[in-house]
Amino acid sequence: MSPKPSINLKQSQTQQQKLAMTQTMQQAIQILHFSTNDLRDYLREQSLDNPLISVSNSPDSFEHPQINRGLNQTSEDQHQAFLEQLPAEKVSLYEHVLAQIHLNYRDTFLRTLLLFLVEYIDANGYLTLSLDAAATKTGATEIQLLDALTLLQQLEPAGIGARNLQECLMFQTERDHAAPDIAYLLLEESFDDLVNRQWEDISQKYAVSFPEIQAVFDYIPTLTPRPGAAYAQTLAQYIKPDLEVTVSEQHLDIQSTKAGQPQITFQDKYYNRYKKIEDVELQAYLKDRKAEFDWLKTTVENRGETILRVGQEILRHQSDFFLDDRHPLKPLTLKEVAQSLDLHESTISRAVNQKYMRTPWGIYELKHFFPQGILQKNGEATGEVVANTAIKSELQNIVANENKQAPLSDQKIVDQLKQAGFDISRRTVVKYRDALGIPTSRNRKRY
């Protein structure tokens, strides 16, 4: 009789150990990749499965709802603006409109139609159902549905119940006493011509001047294309920075924030109470759950330490951003930071993904400090790498200072950039201009 193949059992055990190690590593990688909000949710899920884990909210968890992309506001101004944007009550768009209907209209068939139409208002405030389809569903006549829709469109917010962007802008303009006199007329009758800047046709059709049309064109961006968006989410998810930088007398300091480190604690009372019970299965269970807690706490702490180390490298490479009033950025790659910290490049990528730094000028995603570089010729064969943020900044300055009655062509922008020391192609200027949301010279012209 042949001996039992015991070696197969050993191989199976070895494979299982390797698999377990791989899963643990994947979890650690995932935790590093999580944003602060995602990490908090993940830890809460773990606490539901493990009674020894307790996750508490950080006392420093209330932050701005969006990333700061400019340096023209102080932190105090931003904070005040943020507080002013918070709704007094957490009311959804549906609830807001529904309350107005019940308050303003008696219980009639017309109100029934109004309540029906509200069911087809999307999160942006638009009506998503045609009147023909509404007639089929309700049995109402076209006149009855038009009456109901008219009443709906008179509710708040202005633009509610619109069926397209043109109607949405018209309804807002109709209620705005500060709107230019011809704004509603142009939106109603010559919307496409206005959007496509066919101003000569508009001028001749309505006997109005280019400056009058320009005033309407400038007024439109003050309106909102999504009137219901302010009510779309009852609980805003606020950004919680992982790092905070302070600047004092040309000295930089960086530290982890409490908001960036979720508080995970061990349930000692629970553990000590059941530790005294002489039950083999229970003790094995407690041992496994404690090991889970120890691993999770260590992994979360390592995550915070890695993010802090990356932040320190950012400060070392990008000190001019924090010390120079112009806030310039130098070219910096993930690979450079990885080599400095003796970590893998993918680790740095995960450490900067959805991680944020609070500065005296606002909150920035860590990826903001890794601008791409391009080759600047300067007449030399080797060239010099320059951060594209510096070029974009100069491009914005050039456009901001141009004659708006005769805007610069892309080639003229190339020439001015060259004079400023940035030798790039016209194609690159077009690419950067589009990325910055700067229109073509034709669309920048003002009268």
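This is a predicted model, so every value here is computed, not measured.
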### Message
Within the 4.5 Å heavy-atom criterion, are Arg111 and Ile101 side-chain neighbours or not?
### Response
yes
### Task
State plainly whether the residues Lys404 and Glu402 are in salt-bridge range, i.e. N to O under 4.0 Å.
yes
### Query
What pairs with Phe116 under ring-ring contact (aromatic ring centres under 6.0 Å, His included), at least two apart in sequence or on another chain?
Tyr120
### Message
If you count every heavy atom of other residues, nucleotides or ligands that lies below 6.0 Å from Asp253 atom CG, does the total exceed 12?
### Response
yes
### Message
So for atom NE2, which belongs to His33, do other residues, nucleotides or ligands contribute more than 12 heavy atoms lying within a distance under 6.0 Å?
### Response
no
### Query
Would you say Val55 and Ser47 make side-chain contact, with heavy atoms under 4.5 Å?
yes
### Query
How about Phe370 and Leu334: do any of their side-chain heavy atoms sit closer than 4.5 Å?
yes
### Query
Ring centres of Phe34 and Tyr42 under 6.0 Å apart?
yes
### Message
Evaluate His317 against Lys330 for side chain to side chain contact (heavy atoms under 4.5 Å, CB included), listing each step before the verdict.
### Response
CA-CA 8 Å; His317 285 273; Lys330 298 177 182 177; over 6 Å; no
### Message
Tell me whether the rings of Phe322 and Phe369 are parallel (<30°), tilted (30 to 60°) or perpendicular (>60°).
### Response
parallel
### Task
Kindly indicate whether the side chain of Leu151, heavy atoms from C-beta on, has any atom under 4.5 Å from the side chain of Gln154.
yes
### Task
Go through the steps for Gln166 and Val195 under the test side chain to side chain contact (heavy atoms under 4.5 Å, CB included), then give the verdict.
CA-CA 10 Å; Gln166 181 182 5; Val195 171; over 6 Å; no
### Message
Run the side chain to side chain contact (heavy atoms under 4.5 Å, CB included) test on Leu185 and Tyr206 for me, step by step, so that the C-alpha distance in whole Å, both residues' side-chain angles and the decisive distance to 0.1 Å come before the verdict.
### Response
CA-CA 10 Å; Leu185 179 65; Tyr206 298 100; 3.7 Å; yes
### Glu119 side chain near Tyr94 side chain, heavy-atom distance below 4.5 Å
yes
### Passing candidate, side chain to side chain donor-acceptor pair (under 3.5 Å) with Asp415, options Lys412, Gln411, Lys418
Gln411
### Task
May I ask you to check if Arg197 and Phe217 form a cation-pi contact, with NZ or CZ under 6.0 angstrom from the six-membered ring centre and within 45° of the axis?
yes
### Query
Should Leu315 and Ser319 count as side-chain neighbours, where that means a heavy-atom distance under 4.5 Å?
no
### Query
Do Leu296 and Ile31 touch side chain to side chain, with heavy atoms closer than 4.5 Å?
yes
#### Entry: Arg309 bridged to Glu313 by N-O distance under 4.0 Å
no
### Message
Checking Phe422 against Leu395 for the side chain to side chain contact (heavy atoms under 4.5 Å, CB included) test, could you report, in this order, the C-alpha distance in whole Å, the side-chain angles of both residues, the deciding distance, and whether it holds?
### Response
CA-CA 10 Å; Phe422 303 112; Leu395 193 158; over 6 Å; no
### Task
Could you grab the distance from atom CD of Glu156 to atom CG of Leu93, nearest 0.5 Å is fine?
11.5 Å
### Query
Is there side-chain contact between Phe210 and Ser203, with at least one heavy-atom pair below 4.5 Å?
yes
### Message
Is it the case that over 12 heavy atoms from other parts of the model lie below 6.0 angstrom from the NE2 atom of His102?
### Response
yes
### Query
CG of Leu145 to CG of Leu129: how many Å apart, nearest 0.5 Å?
9.0 Å
### Task
Quickly, which of Arg427, Arg442, Arg433 forms a salt bridge (Lys or Arg N to Asp or Glu O under 4.0 Å) with Asp410? Name it, please.
Arg433
### Message
Measuring from atom CD of Gln144 to atom CZ of Phe109, what distance do you get when rounded to the nearest 0.5 angstrom?
### Response
5.0 Å
### Query
When rounded to the nearest 0.5 angstrom, what is the spacing between CG in Asn302 and NZ in Lys297?
11.5 Å
#### Entry: Heavy atoms of other groups near Arg175 CZ, more than 12 under 6.0 Å
yes
### Message
So, using side-chain contact (heavy atoms from CB on, under 4.5 Å) as the criterion, who are the partners of Glu142 when residues are at least two apart?
### Response
Leu146
